[in-house]
Protein chains: 2
Amino acid sequence: MSIMETYFKEKFPFSDDEIQLIFSYFKKVEIKKGAYFLEAGQYCKKIAFIEEGAVVFYQLIDGDEKSCGFTFENDWITQYKSLIQNITSELYIKALETTTLMEISLENMLELIAVLPKAIMLRTELAEEYFISSAQRASDLANLEAEEHYYKLIKDNPNLIHRVPQYYLASYLGIKPQSLSRIRAKS
Amino acid sequence: MSIMETYFKEKFPFSDDEIQLIFSYFKKVEIKKGAYFLEAGQYCKKIAFIEEGAVVFYQLIDGDEKSCGFTFENDWITQYKSLIQNITSELYIKALETTTLMEISLENMLELIAVLPKAIMLRTELAEEYFISSAQRASDLANLEAEEHYYKLIKDNPNLIHRVPQYYLASYLGIKPQSLSRIRAKS
DNA sequence: TTTCCTTCTTAACATATGTGAACGATTTTC
DNA sequence: GAAAATCGTTCACATATGTTAAGAAGGAAA
């Protein structure tokens with residue numbers, strides 16, 4: 001059983017036949033470390049499930065890469081704002097490791113939902129997950145000091161320590177890499 | 001024509017009959033300045049459109065009211081996370097002014113969608129609006145200095161200057177009221 | 001291995017924000 | 001209207017983060 005299949009059976013109440021139908025709309029894609037799932041300026045017209053690997057979301061501001069999120073295996077990626085508003089993305093989505101994806105185009109997703117209305121769950125799941133995590137990040141950025149924020153972050157997602165460069169972590173926390181180094185040096 | 005009616009006709013492709021049907025599921029509610037639309041610990045089971053007035057979303061942290069958003073007339077309010085996950089809210093939603101709402105219970109919303117499937121647009125609209133605004137807030141908190149953030153905020157929504165107490169604005173910006181005073185004193 | 005390049009760390013100093021307290025100004029309550 | 005409470009401002013000092021620069025550590029490529 002594939003990784004995505006296991007995920008689906010745990011998460012959603014689809015029958016085996018429905019899962020097979022759903023899977024027929026996806027295709028497997030591999031992106032090498034450092035390659036892009038999406039680049040700024042492009043229209044995002046796809047959604048993908050990470051079977052293996054990790055990606056970073058970032059924005060290019062004054063020449064610096066400012067991260068706004070990370071996603072690892074067993075989770076979804078897309079640039080939701082670009083996808084739903086049909087506008088160009090301001091974000092890059094880049095592979096931090098060689099990453100295996102199950103990808104579906106927006107077009108195919110809509111077709112799938114037309115054939116199997118229950119599949120709208122996937123889209124809803126995605127929207128809600130994105131909303132809740134970004135609301136949490138905003139709250140943490142406003143209410144926690146960088147140090148608390150850092151320890152909360154790596155406690156909630158230990159992957160971040162070893163699988164994400166520190167300069168991305170720093171920008172995600174809203175601080176400079178030197179400041180993150182200083183925080184880490186304390187302990 | 002009511003305020004909500006004008007909003008609907010501009011925003012959504014519903015017919016007059018559909019709008020009448022939709023409106024029959026809403027009821028008009030007034031909350032006085034300082035009263036709550038929702039309090040922390042409660043389950044949020046409703047969605048409302050503000051016809052007139054203003055509300056603040058805030059969290060109580062160490063005795064301080066930390067704002068995470070403001071909504072004015074012609075916009076929607078709900079505690080989306082509590083609503084969709086059926087958990088108690090961590091947020092208070094309080095009227096900053098005497099506020100007139102058009103309210104619909106979640107139950108009625110689901111019934112409405114069952115009767116008029118197109119009405120799912122309302123829910124999607126809400127989710128997307130919340131997601132995009134909270135992603136933008138997180139980005140601004142991480143990437144802007146307090147001063148830039150403040151001027152961007154009041155430029156994007158001039159209502160905030162005169163209709164929101166400064167201590168809420170300050171906590172929304174992730175700073176203390178004294179720091180906001182200092183920033184304002186510069187100009 | 002050696003070299004090169006990127007990332008991480010450290011340091012000194014500059015700047016921004018936090019803290020605690022006091023004072024007026026405004027609003028609310030009686 | 002008077003008293004009380006709330007809110008906004010200012011100040012001096014403490015702390016956190018930014019800036020600039022240099023060097024160490026680590027990984028990638030020859």
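Chain letters run A, B, ... following the sequence lines, proteins first and then strands; every chain starts at 1.
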Atom-to-atom span, CG of A:L144 to P of C:dT17 - whole angstrom: 17 Å
Taking for each residue the nucleotide of DNA chain C bearing the nearest heavy atom, is the 5' side occupied by A:Y168 or by A:E145? A:Y168
Checking all strands, does A:P165 fall into the base, sugar-phosphate, or nothing category for heavy-atom contacts under 4.0 angstrom? sugar-phosphate
Does a salt bridge link B:K94 with B:E39, judged by any charged N lying under 4.0 Å from a carboxylate O? no
Side-chain ion pair, A:E30 and A:K32, N-O less than 4.0 Å: yes
Does B:Q178 get its side chain close enough to the base of C:dT19, under 3.5 Å, for a donor-acceptor pair? no
Whole-Å distance, A:Y167 OH to C:dT7 P, equals 4 Å
Taking 4.0 Å as the cut-off, does a side-chain nitrogen or oxygen of A:R184 come that near to OP1 or OP2 on C:dT9? yes
Mind checking B:G174 for me? I need base, sugar-phosphate or nothing, with any heavy atom below 4.0 Å counting as a touch. sugar-phosphate
Taking B:E147 first and then B:K186, would you say they form a salt bridge - that is, a charged N and a carboxylate O separated by under 4.0 Å? yes
How many whole angstroms separate atom CD of A:E148 from atom C1' of D:dT15? 14 Å
Taking A:Y172 as the fixed residue, which of A:F57, A:Y58, A:F70 is the one that meets the ring pair (Phe, Tyr, Trp, His ring centres under 6.0 Å) rule? A:F70
When rounded to whole Å, the CD1 to P distance for the pair A:I183 and C:dC8 reads 14 Å
Grab the CD1-P distance between A:I175 and C:dC8 for me, whole Å please. 13 Å
A:A146 side-chain proximity, nearest of D:dT17, C:dT10, C:dT17: D:dT17
Steps toward ring pair (Phe, Tyr, Trp, His ring centres under 6.0 Å) verdict (B:Y92, B:F37): CA-CA 8 Å; B:Y92 296 82; B:F37 175 73; over 10 Å; no
Distance in angstrom units between A:Y150 OH and D:dT17 P, rounded: 14 Å
Looking at D:dA16, I'd like to know if its phosphate oxygens (OP1 or OP2) sit under 4.0 Å from a side-chain N or O belonging to A:R182. no
Quick one: B:K32 NZ to C:dT28 C1', roughly how many Å, whole number? 16 Å
State whether B:S179 places a side-chain N or O below 4.0 Å from either non-bridging phosphate oxygen (OP1 or OP2) of C:dT17. no
C:dC8 C1' sits how many Å from A:K176 NZ, rounded? 16 Å
